[in-house]
Amino acid sequence: MDTTLLATTLLLLPCLHAVAAGLRITKVEVPRYLIVGKQATLRCHLALEGDVLYSLKWWKDGKQFYQYIPQNNPPNVVFTVPGITVNPQHAELNEVELVDVQTTSTGQYKCEVVAEGPTFNTDVMAANMTILDTPDEPPRITGLEPNYRDGETIALNCTSSRSRPPAALTWAINGRQVGPEHLLTYPVVSEGKPPLHTSTLGLSLTARPHLFAGGTLDLRCSATLHEYVWRSDVTATLDNVTYSQPHHLPTLSKTNGSSGQGVSLSLLLLLTMMMLMMTVKATALAPLSHSPLLT
Ligand SMILES: *[C@@H]1O[C@H](CO)[C@@H](O)[C@H](O)[C@H]1NC(C)=O
Ligand SMILES: *[C@@H]1O[C@H](CO)[C@@H](O)[C@H](O)[C@H]1NC(C)=O
Ligand SMILES: *[C@@H]1O[C@H](CO)[C@@H](O)[C@H](O)[C@H]1NC(C)=O
């Protein structure tokens with residue numbers, strides 16, 4: 001720094017101090033959402049702006065769990081705070097790693113820095129982290145019957161068990177999301193302490209041929225915890241489901257001329273053995289904790 005600049009700086013010092021020049025936090029990086037058991041890297045980016053750092057501290061919900069004082073030996077100290085396990089091999093000035101995060105790790109994380117005298121500038125910046133406890137298994141579809149007749153109600157439930165927060169459920173038929181007119185919402189059931197939540201979403205449809213256009217009815221239920229962060233799907237495919245058409249419907253009756261028995265198409269439909277092929281496959285997508293949508 002040349003002397004002219006130094007003189008200017010000194011002259012301006014009172015004004016600069018008023019607009020908080022000196023040591024400041026430029027950015028705090030804390031994962032917004034994480035899944036239980038994962039690790040979290042917390043970063044506190046500083047601009048010294050001529051100051052000398054005295055200390056950096058991390059707090060969770062008002063409780064200090066970490067301090068870094070460059071002058072001390074060792075410089076880093078970890079304090080016991082519920083829900084916080086610091087990786088001692090990865091506890092630096094700018095970066096602290098928490099391992100095996102739990103739902104109790106959910107909270108507000110605050111970085112606080114203090115400069116040495118004479119300025120003793122301080123700055124704080126906070127960010128929230130939410131830990132998701134995902135279901136142990138994919139959602140379940142229940143209520144499927146081996147066959148449905150025309151006009152019959154297809155009443156199903158999709159249930160996602162034991163998560164925190166409760167899973168949001170959606171139904172899709174043949175690739176298209178089902179509107180609220182076909183859905184039945186049930187209250188979330190919570191159990192345990194801290195509670196885990198079970199969500200159920202009902203689907204109610206009338207069996208009609210157009211639903212089975214192409215011979216199959218594809219049902220998909222998706223469970224999500226904070227959309228884009230965690231998602232799990234289950235699909236059920238009803239293949240070759242046939243209907244008992246009301247046989248008085250003349251438009252659907254057609255005599256089979258080549259057969260002496262004159263079997264009508266509607267009778268054929270009526271007598272056709274209903275077949276159900278159901279495949280249930282579950283895909284738990286990898287957690288997208290580094291999705292740019294979240295940052
Ligand atoms: C963190 O969460 C608290 C409580 O839920 C809220 O009041 C606060 O505004 C949030 N802070 C940030 C930085 O999102
Ligand atoms: C769906 O679940 C709700 C709530 O548990 C229950 O009352 C209802 O009978 C179930 N319906 C079907 C079709 O299983
Ligand atoms: C569905 O029916 C068609 C024609 O009858 C048959 O070829 C096919 O194998 C059946 N699919 C299943 C899964 O049974």
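For ligands, and for the atoms within them, numbers begin at 1 and follow the listed sequence. Residues take their numbers from the sequence shown, with the count starting at 1.
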Give me the residue, atom name and distance of the protein heavy atom closest to [atom].
atom: atom 14 (O) of ligand 2; answer: Asn157 ND2, 3.2 Å
atom: atom 11 (N) of ligand 1; answer: Asn128 ND2, 2.9 Å
atom: atom 7 (O) of ligand 2; answer: Tyr186 CE2, 4.1 Å
atom: atom 13 (C) of ligand 2; answer: Ala155 O, 3.5 Å

For this session: Kindly indicate whether the side chain of Thr237, heavy atoms from C-beta on, has any atom under 4.5 Å from the side chain of Leu217.
Result: no
Problem set entry | Tyr148 to Ala207 - nearest heavy-atom pair and separation |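 Scanning both residues completely, I find the closest heavy atoms to be CB-CB, 4.0 Å.
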[atom]: protein heavy atom closer than 4.0 Å?
atom: atom 5 (O) of ligand 2; result: no
atom: atom 9 (O) of ligand 2; result: no
atom: atom 2 (O) of ligand 1; result: yes

Exercise. Aromatic rings Trp58 and Phe65: how do their planes relate, parallel, tilted or perpendicular, breaks at 30° and 60°?
Worked result: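 Aromatic pair Trp58/Phe65 classed parallel.
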For this session: Could you walk me through whether Leu201 and Asn157 pass side-chain contact (heavy atoms from CB on, under 4.5 Å), step by step?
Result: CA-CA 6 Å; Leu201 184 63; Asn157 274 343; over 6 Å; no
Exercise. Any salt bridge between Glu137 and Arg162, counting N to O under 4.0 Å?
Worked result: no
Exercise. Can we say Arg220 and Asp218 salt-bridge, meaning some charged N sits less than 4.0 Å from an Asp/Glu carboxylate O?
Worked result: no
